[in-house]
Amino acid sequence: MKKHYLPLILSFALFTEANAQKIVQRDPAIEQLVAEVNADSLQSHIKKLVSFDTRHTMSTTTEEKRGIGAARRWVLSRFQEYAKQSGGRMTAMIDSWVLKPDGKRVDKDQDMGNVMGILKGTDPNDDRIFIVSGHIDSRVTNVMNREATAPGANDDGSGTATVIELARVMAKAQFPATVIFLVVSGEEQGLLGADYLAQKAVNEKWNIEAIMNNDIVGSNNSNETRIIDNTRVRIFSEGLPAFELDKKATSIRNMGQENDGKARQLARYAKEIGERYVDNLEVVMVYRNDRFLRGGDHTPFVNRGFAAVRVTEMNENFDHQHQDLRTEKGTQYGDLPEFMDFEYLRKNTAMNLATLANLAKAPATPQNVTIDTKSLTNSTTLFWQTPKSGKVKGYYVLVRETYQPFWQKKIFTTKNGINIPYSKDHYFFAVQAVGEDGNESLPILPKVGM
């Protein structure tokens with residue numbers, strides 16, 4: 001076994017040293033899509049959303065120009081318009097249901113709906129789904145006040161605008177896997193739309209590989225400091241799996257993988273790819289599922305075993321979030337467009353696009369990745385099988401020291417196995433499939449093989 005793989009070790013070391021730039025080379029097709037994300041377009045989406053006066057979950061669904069129903073129908077019209085450039089691959093719908101009173105934040109029957117733009121993948125053998133989401137509902141100080149003007153420009157007009165803009169730009173592109181542009185309802189009343197869809201995905205056995213949830217991504221300062229910070233964006237991710245943790249805990253402890261759940265791997269991936277394609281933007285990983293004691297629409301998906309993360313601005317300004325419109329002591333309160341930074345929103349939207357496009361263009365993940373433990377050695381042997389779908393150029397074997405937050409090395413091979421001079425005691429490993437254009441799948445950590 002060692003003799004078979006030893007020549008590969010030398011060639012991989014040479015690859016990483018002499019041709020390191022090839023690893024971070026941008027895909028020209030994705031680079032072009034990223035360049036098409038437009039700050040003015042995002043601003044126009046926000047202004048239209050604000051024009052509905054309120055988008056409260058329990059607001060009117062029958063008026064033509066006011067309330068959450070009118071806002072949903074407008075988003076649907078945008079998706080339908082963008083679908084015209086997809087060659088028939090994109091469809092749009094409102095997935096509707098009736099909400100019943102819950103004794104908490106729902107006090108009457110209410111017509112609900114998640115707006116979905118579905119960009120079907122071009123490979124009939126590829127059933128993977130990638131989702132980008134934001135929530136359309138807005139609120140003021142009293143979460144039950146459905147009548148007051150609730151602009152919701154940043155919370156979460158920014159996330160909704162991100163999804164709309166991505167649909168506009170990506171509809172004409174072709175990806176082997178399916179991308180869903182999702183605008184959910186009911187976040188402020190208890191993650192209602194996300195919970196509904198996450199359970200539907202489980203019931204219908206959707207193969208969702210990643211969810212990028214965008215919530216409050218368009219303001220560049222906090223109410224405490226007012227210091228502008230438009231070069232960093234946070235991604236929240238869970239390290240341990242919330243789903244069936246009791247069944248997985250022993251294996252996680254044995255392998256030392258407390259920092260390597262599905263969501264954490266997706267966050268690392270988004271950081272690498274986002275920073276690769278978007279200039280002057282740092283993706284800051286936060287090792288929590290969400291902000292302290294708070295929640296978002298990715299959580300219902302996380303709780304059901306899907307890889308889902310929350311994208312949010314670096315510093316929230318609470319003067320312009322969950323506030324009645326008013327002026328007190330010279331300070332204007334309320335979630336209005338004039339308090340947003342649309343260039344910052346453009347960069348955050350572009351980061352989402354780069355991540356989604358890279359994932360949807362890449363092959364599926366390698367299958368049955370295992371680490372050989374037949375004998376004690378100071379090197380490591382890994383094996384894997386070809387992905388279920390996608391054209392594979394090769395594989396990256398990822399390596400990092402146990403105390404490091406990010407992958408430190410990428411070793412390329414065209415084989416389905418490798419022996420590398422890194423000890424299992426000191427390093428973590430993962431394997432990615434690499435497509436013909438250099439796009440990488442999500443990393444898969446190895447299981448123990450005999």
Side-chain angles (χ1 to χ4, degrees), residues 25-49 74-75 78-79 81-86 89-90 92 115 117 119 130-136 153-154 156-175 179-183 210-220 229-235 269-284 309-314 337 340-361 437 439:
Q25 183 176 355
R26 295 174 176 176
D27 178 340
I30 296 178
E31 194 169 27
Q32 176 59 40
L33 292 174
V34 167
E36 293 179 24
V37 176
N38 186 276
D40 291 339
S41 180
L42 286 160
Q43 185 174 15
S44 71
H45 302 328
I46 295 286
K47 287 184 175 181
K48 182 63 178 180
L49 288 165
W74 174 74
V75 174
R78 294 298 83 209
F79 287 169
E81 182 64 27
Y82 304 147
K84 294 176 182 178
Q85 59 184 334
S86 71
R89 289 174 296 104
M90 182 171 168
V115 192
L119 183 61
F130 299 98
I131 298 177
V132 58
S133 70
H135 73 83
I136 196 169
N154 195 31
D156 184 32
S158 62
T160 299
T162 291
V163 174
I164 296 170
E165 182 70 356
L166 291 178
R168 182 186 73 83
V169 173
M170 297 176 72
K172 62 180 177 296
Q174 296 188 20
F175 305 98
V179 178
I180 295 180
F181 308 98
L182 172 65
V183 175
I211 299 104
M212 299 281 288
N213 175 46
N214 292 263
D215 196 348
I216 315 176
V217 289
S219 174
N220 64 26
D229 188 353
N230 59 8
T231 62
R232 296 188 297 164
V233 64
R234 293 180 290 176
I235 291 191
Y269 185 99
K271 176 178 174 63
E272 177 185 352
I273 303 302
E275 292 177 359
R276 180 186 302 177
Y277 283 92
V278 184
D279 296 329
N280 200 27
L281 182 70
E282 178 187 359
V283 178
V284 178
V309 298
R310 180 198 177 104
V311 182
T312 201
E313 62 201 26
M314 199 64 206
M340 295 180 64
D341 180 340
F342 294 103
E343 170 58 18
Y344 178 55
L345 180 58
R346 180 199 65 80
K347 290 194 289 186
N348 294 338
T349 303
M351 181 275 291
N352 275 267
L353 189 151
T355 302
L356 288 166
N358 209 68
L359 284 168
K361 284 192 70 176
D437 295 328
N439 310 113

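Note that the structure is predicted; figures quoted are calculated from it, not measured.
In plain terms, the two heavy atoms of Phe79 and Phe181 that are nearest each other are CE1-O, 3.6 Å. The shortest non-hydrogen separation linking Ala354 to Val34 is CB-CG2, 4.1 Å. Summarising the geometry of Ser219 relative to Asn154, their closest heavy-atom pair is CB-ND2, 3.5 Å, with the distance given to 0.1 Å. Across all non-hydrogen atoms, the minimal contact from Ser158 to Leu345 is O-CD1, 3.9 Å. Summarising the geometry of Met90 relative to Gly117, their closest heavy-atom pair is CE-CA, 4.0 Å, with the distance given to 0.1 Å.
Between Thr355 and Met212, the closest side-chain pair of non-hydrogen atoms falls below 4.5 Å. Residues Leu281 and Glu275 fail the side-chain proximity criterion, which asks for heavy atoms closer than 4.5 Å. Under the 4.5 Å side-chain criterion, counting only non-hydrogen atoms from C-beta, Ile136 is not in contact with Asp156. Side-chain contact between Tyr269 and Val309 is absent, with no heavy atoms from C-beta onward closer than 4.5 Å. Inter-residue side-chain proximity for Ile235 and Val284 is flagged as unmet; no heavy-atom pair is nearer than 4.5 Å. Looking only at side-chain heavy atoms (C-beta outward), Thr162 and Val217 come within less than 4.5 Å of each other. Residues His45 and Thr160 form no side-chain contact, since every pair of their non-hydrogen atoms from C-beta on lies 4.5 Å or further apart. Between Leu119 and Ile180 there is no side-chain heavy-atom pair separated by less than 4.5 Å.
Legend: residues meeting side-chain hydrogen bond (donor to acceptor under 3.5 Å, both in side chains) with Asn439, ordered by chain and number and at least two apart, are Asp27, Asn358. Evaluation of the side-chain hydrogen bond (donor to acceptor under 3.5 Å, both in side chains) rule for Tyr82 yields no partner, not counting sequence neighbours. With sequence neighbours excluded, the residues that form a side-chain hydrogen bond (donor to acceptor under 3.5 Å, both in side chains) with Glu81 are Lys84. Take Glu36 and apply the side chain to side chain contact (heavy atoms under 4.5 Å, CB included) test, not counting sequence neighbours, and it matches Gln32, Val169, Lys172. Remark: Asn213 pairs with Ser133, Asp215, Asp297, His298, Arg310 by the side chain to side chain contact (heavy atoms under 4.5 Å, CB included) rule, at least two apart or across chains. Partners of Asn280 according to the side chain to side chain contact (heavy atoms under 4.5 Å, CB included) rule, which considers only residues two or more places apart in sequence or in another chain, are Thr231, Lys347. In this structure, Glu282 has no salt bridge (Lys or Arg N to Asp or Glu O under 4.0 Å) partners at least two apart in sequence or on a different chain. Applying the side chain to side chain contact (heavy atoms under 4.5 Å, CB included) rule to Ala35 yields no partners; only residues at least two apart in sequence or on another chain are considered. Looking at residues two or more places apart in sequence or on another chain, you find no salt bridge (Lys or Arg N to Asp or Glu O under 4.0 Å) involving Asp40. Not counting sequence neighbours, the partners of Glu343 by the side-chain hydrogen bond (donor to acceptor under 3.5 Å, both in side chains) test are Arg346. Among residues two or more places apart in sequence or in another chain, the salt bridge (Lys or Arg N to Asp or Glu O under 4.0 Å) test is passed with Arg168 by Glu165. Residues that satisfy the salt bridge (Lys or Arg N to Asp or Glu O under 4.0 Å) test with Arg89, not counting sequence neighbours, are absent from this structure.
With rounding to the nearest 0.5 angstrom, the CG atom of Leu356 is 8.5 Å from the CZ atom of Phe130. In this structure, CG in Asn214 is found 10.5 Å from NE2 in His135, a value given to the nearest 0.5 Å. In this structure, Ile164 CD1 and Leu49 CG are separated by 5.0 Å, a value rounded to the nearest 0.5 Å.
Judged by distance alone, the side chain of Tyr344 and the main-chain N or O of Glu313 form no donor-acceptor pair under 3.5 Å. Between the side chain of Arg26 and the backbone N or O of Arg276, at least one donor-acceptor pair lies under 3.5 Å. A donor-acceptor pair under 3.5 Å is absent between the side-chain atoms of Gln43 and the main chain of Phe342, judged by distance alone. In this structure, Ser41 contributes its side chain and Asn38 its backbone to no donor-acceptor pair below 3.5 Å.
Residues Asn220 and Asn230 have side chains that never bring a donor and an acceptor to within less than 3.5 angstrom of each other.
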Quick one: do Val37 and Leu353 satisfy side-chain contact (heavy atoms from CB on, under 4.5 Å)? Show the steps, please.
-> CA-CA 9 Å; Val37 176; Leu353 189 151; 3.8 Å; yes

Could you go through the side-chain contact (heavy atoms from CB on, under 4.5 Å) check for Tyr277 and Met351 one step at a time?
-> CA-CA 7 Å; Tyr277 283 92; Met351 181 275 291; over 6 Å; no

